[in-house]
Amino acid sequence: MKLRLIGGSGCGNGPCPAVYETENDTIVVQGFSVDTNQAGLEVPPGEGAVEIPRYILERAFNR
């Protein structure tokens, strides 16, 4: 899978929350792991939940 960065935090000190688009016309989100039990989410096998700052998504989709 090829990824192209379309939004990130620009923290400059290593991997940070970010949004990527793929060659498959899908989106990949990198963020902080969410404790799904604590959040009250039911997440099926093979899926996960991440948290990223709102401004990263706004920048990614308002470009």
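In what follows, residues are counted from 1 in the order of the sequence shown.
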Chemist: Identify the heavy atoms of I52 and Q30 that sit nearest to each other, and give their distance.
Modeler: CG2-O, 3.2 Å

Chemist: Out of curiosity, does V50 fall in the hydrophobic cluster containing Y55 (side-chain heavy atoms, cut-off under 4.5 Å, transitive links)?
Modeler: yes

Chemist: Applying side chain to side chain contact (heavy atoms under 4.5 Å, CB included) between I27 and each of D25, N24, V29, report the one that passes.
Modeler: V29

Chemist: Give the minimum heavy-atom separation between P53 and P17, together with the two atoms involved.
Modeler: CD-CB, 4.0 Å

Chemist: Evaluate the side-chain proximity of Y20 to R4: yes if any heavy-atom separation is below 4.5 Å, no if none is.
Modeler: no

Chemist: At what distance, to the nearest 0.5 angstrom, does OG of S33 lie from CD of E51?
Modeler: 10.5 Å

Chemist: Is there a chain of hydrophobic side chains (I, L, V, M, F, W, Y, each step under 4.5 Å between heavy atoms) that links I6 to V28?
Modeler: no

Chemist: E21 versus L5: any side-chain heavy-atom pair under 4.5 Å?
Modeler: no

Chemist: Should we count CD of E23 as having more than 12 external heavy atoms under 6.0 Å?
Modeler: yes

Chemist: Passes side-chain contact (heavy atoms from CB on, under 4.5 Å), L57 versus V19? Steps please.
Modeler: CA-CA 7 Å; L57 284 178; V19 179; 3.7 Å; yes

Chemist: For A49 and T36, which heavy atoms make the closest approach, and how far apart are they?
Modeler: CB-CG2, 4.0 Å

Chemist: Of the non-hydrogen atoms in V34 and A39, which two are nearest, and what is the gap between them?
Modeler: CG1-CB, 4.0 Å

